[in-house]
Amino acid sequence: MSVTFHTPKRRLTQLLKTPGGLPLAEAIERATKNLGTLAGACVAEVGSVTEQAEALMARKPASFDEAFLTEFYGVVNPPIGLSSICGLDGIDVALHSMCDLLDHLKTTERWDVEAMQVHVQALKLLLHTESSQNAEQTDAVLSGLRKVSQRYAAPTDTPSA
Amino acid sequence: MGLDPRSRARFNLEGASVLLMDASPLGLEILVQVLSGFGAKNLHRALSIDEARDTIQRHIIDLAVVDAGPTGAGYEFITWLRRSKIEPNCFTPILVTAGHTPTHAVNQARDCGADFVMRKPLTPKAVLERIIFISREGRKFVECDAYVGPDRRIKNLGVPGDGQGRRRDDLPPDVGEATQPNLEQDAIDGLLTTLKVKI
């Protein structure tokens with residue numbers, strides 16, 4: 001098996017150094033401001049995802065079903081990162097915990113409807129009440145979810161969060 | 001890698017052609033807003049592997065930001081790009097974004113040929129730090145049957161835990177007995193003395 005090492009010229013290195021452009025602080029400020037314009041759309045998307053998760057739970061199978069877990073993962077994975085843009089950071093943590101749970105269940109071929117249900121309920125709770133709840137209560141909910149999802153982690157797995 | 005946001009340093013992304021790929025329209029819009037804020041004007045958006053491949057075949061790309069997606073479509077695209085032999089795009093710096101990052105997904109990102117993996121939620125500061133980092137680092141590019149992409153050995157942590165090196169120049173962990181006598185002092189001095197050279 002032959003292995004080749006070389007150092008390709010990447011145009012990006014030169015482009016970034018060309019005169020003009022933006023100071024770091026201004027670039028970060030402008031990007032942050034741009035993201036703020038998406039806050040409303042992010043809240044709506046997270047709401048829609050929560051409804052989809054509830055609808056999926058309504059037709060949950062009675063035993064381990066890999067296709068169902070994959071479908072569920074496909075619903076709750078893409079919105080990670082949206083909630084933090086609209087200031088609902090706790091929802092990102094809950095979605096992350098849910099992805100961990102689904103990943104562990106799929107890997108170990110186990111089934112726990114209650115664990116999934118508690119995550120969906122927590123999503124609803126955090127979406128509708130987080131802004132009015134205190135941080136301590138939110139942390140308690142998230143810590144509980146973590147305990148649930150890590151119950152199925154393989155002994156060598158480290159939490160991805 | 002940390003950037004000081006108060007720094008007066010400038011950077012210029014205006015002339016860069018950037019590919020953004022995310023299967024989620026809102027996820028893609030987030031990437032667009034961040035890169036636009038950084039001053040990038042030439043953004044190519046892709047919601048699928050097919051759209052991203054099409055862009056790669058028609059435009060020169062200076063930077064790609066690719067979301068892994070729940071099915072790992074992003075990794076599949078990067079593997080294809082690195083082996084596509086479409087120059088210079090096959091060497092382009094690639095940032096991977098991922099919502100869920102268990103160990104197996106990070107390994108997959110590393111092995112598909114990405115330069116860097118970023119966990120969501122993304123912040124503009126973190127994205128800018130990574131863009132500047134990958135533009136500066138000058139990592140070697142490796143091409144072999146099993147892998148095409150930037151050298152994955154960023155840190156030299158020594159030989160693996162079992163003590164068996166895999167690099168040709170790895171030495172055994174145990175130092176053996178000396179096989180030759182120590183050098184005489186004259187010989188050592190001779191190695192260190194500057195000599196006149198006739199040109």
Side-chain angles (χ1 to χ4, degrees), chain A residues 1-38 41-42 45 70 73-85 89 92 95-96 99-100 103-104 107 156-161, chain B residues 3-16 23-24 26-27 29-30 33-39 60 62-63 69-71 87-88 91-93 97 99-103 105-106 119-125 127-128 131-132 134-136 138-146 151:
Chain A
M1 181 175 70
S2 71
V3 182
T4 315
F5 288 86
H6 60 104
T7 311
K9 272 207 165 175
R10 288 174 155 182
R11 217 165 67 112
L12 183 67
T13 311
Q14 291 309 314
L15 285 170
L16 287 176
K17 292 180 192 164
T18 51
L22 294 169
L24 300 176
E26 189 183 333
I28 292 169
E29 194 185 316
R30 282 174 44 156
T32 307
K33 199 173 165 189
N34 283 358
L35 283 181
T37 63
L38 298 176
C42 289
E45 180 68 13
T70 304
Y73 189 86
V75 168
V76 294
N77 176 302
I80 294 178
L82 301 183
S83 310
S84 300
I85 288 170
D89 300 37
D92 269 343
L95 287 169
H96 209 277
C99 284
D100 271 343
D103 194 41
H104 296 325
T107 310
T156 51
D157 277 4
T158 48
S160 56
Chain B
L3 282 183
D4 179 1
R6 294 162 302 173
S7 160
R8 290 184 177 181
R10 302 176 80 94
F11 69 98
N12 195 344
L13 267 176
E14 267 179 37
S24 150
L26 195 50
E29 194 52 34
I30 287 173
Q33 293 304 329
V34 172
L35 270 294
S36 304
F38 294 164
I60 289 181
D62 301 306
L63 169 70
T71 59
E87 292 190 23
F91 304 127
T92 206
T97 63
H100 184 226
T101 50
T103 311
V106 176
R119 192 184 143 189
K120 293 177 180 177
L122 303 176
T123 65
K125 181 171 178 278
V127 176
L128 188 54
I131 290 174
I132 291 176
I134 60 174
S135 77
R136 282 181 186 160
R139 251 196 285 174
K140 282 197 173 356
F141 211 80
V142 183
E143 295 190 39
C144 65
D145 292 345
D151 195 338

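Labels below follow one simple rule: chain letters A, B, ... track the order of the sequence lines, proteins then strands, and each chain is numbered from 1.
Distance check: Thr18(A) OG1 to Arg10(B) CZ gives 11.0 Å after rounding to the nearest 0.5 Å. Between Glu29(B) atom CD and Leu35(A) atom CG the span is 10.0 Å, to the nearest 0.5 Å.
Most heavy-atom pairs under 4.5 Å with chain A, from the set Gly69(B), Ala23(B), Pro70(B): that is Pro70(B). When each of Leu16(A), Thr13(A), Thr7(A) is scored by its heavy-atom pairs under 4.5 Å with chain B, the top score falls to Leu16(A). Put simply, of Pro8(A), Pro78(A), Ser84(A), the one with the most heavy-atom pairs under 4.5 Å next to chain B is Pro8(A). In terms of heavy-atom pairs under 4.5 Å with chain A, the best-connected choice from Arg139(B), Lys120(B), Gln33(B), Glu87(B) is Gln33(B).
Proximity to chain B (any heavy atom under 4.5 Å) is restricted, for Leu38(A), to the side chain, taken from C-beta onward. Looking at Leu95(A), neither its backbone nor its side chain comes within 4.5 Å of chain B, counting heavy atoms on both sides. With a 4.5 angstrom heavy-atom cutoff, Leu128(B) touches chain A only via side-chain atoms. Contacts between Thr71(B) and chain A at a heavy-atom distance below 4.5 Å are absent for every atom of the residue. When heavy atoms are compared at a cutoff of 4.5 Å, Pro88(B) does not approach chain A at all. The contact between Thr92(B) and chain A is made entirely by backbone atoms, counting heavy-atom distances below 4.5 Å.
The shortest side-chain heavy-atom distance between Asn12(B) and Pro19(A) does not fall under the 4.5 Å cut-off.
Judged by distance alone, the side chain of Arg11(A) and the main-chain N or O of Asp62(B) form no donor-acceptor pair under 3.5 Å. For Asp92(A) (side chain) and Gly81(A) (main-chain N/O), a donor-acceptor pair under 3.5 Å exists by modelled atom type.
Summarising the geometry of Glu143(B) relative to Phe91(B), their closest heavy-atom pair is OE2-CE2, 3.7 Å, with the distance given to 0.1 Å. Nearest heavy-atom pair, Ser36(B) versus Arg30(A), reported as atom, atom and distance to 0.1 Å: O-NH2, 3.6 Å.
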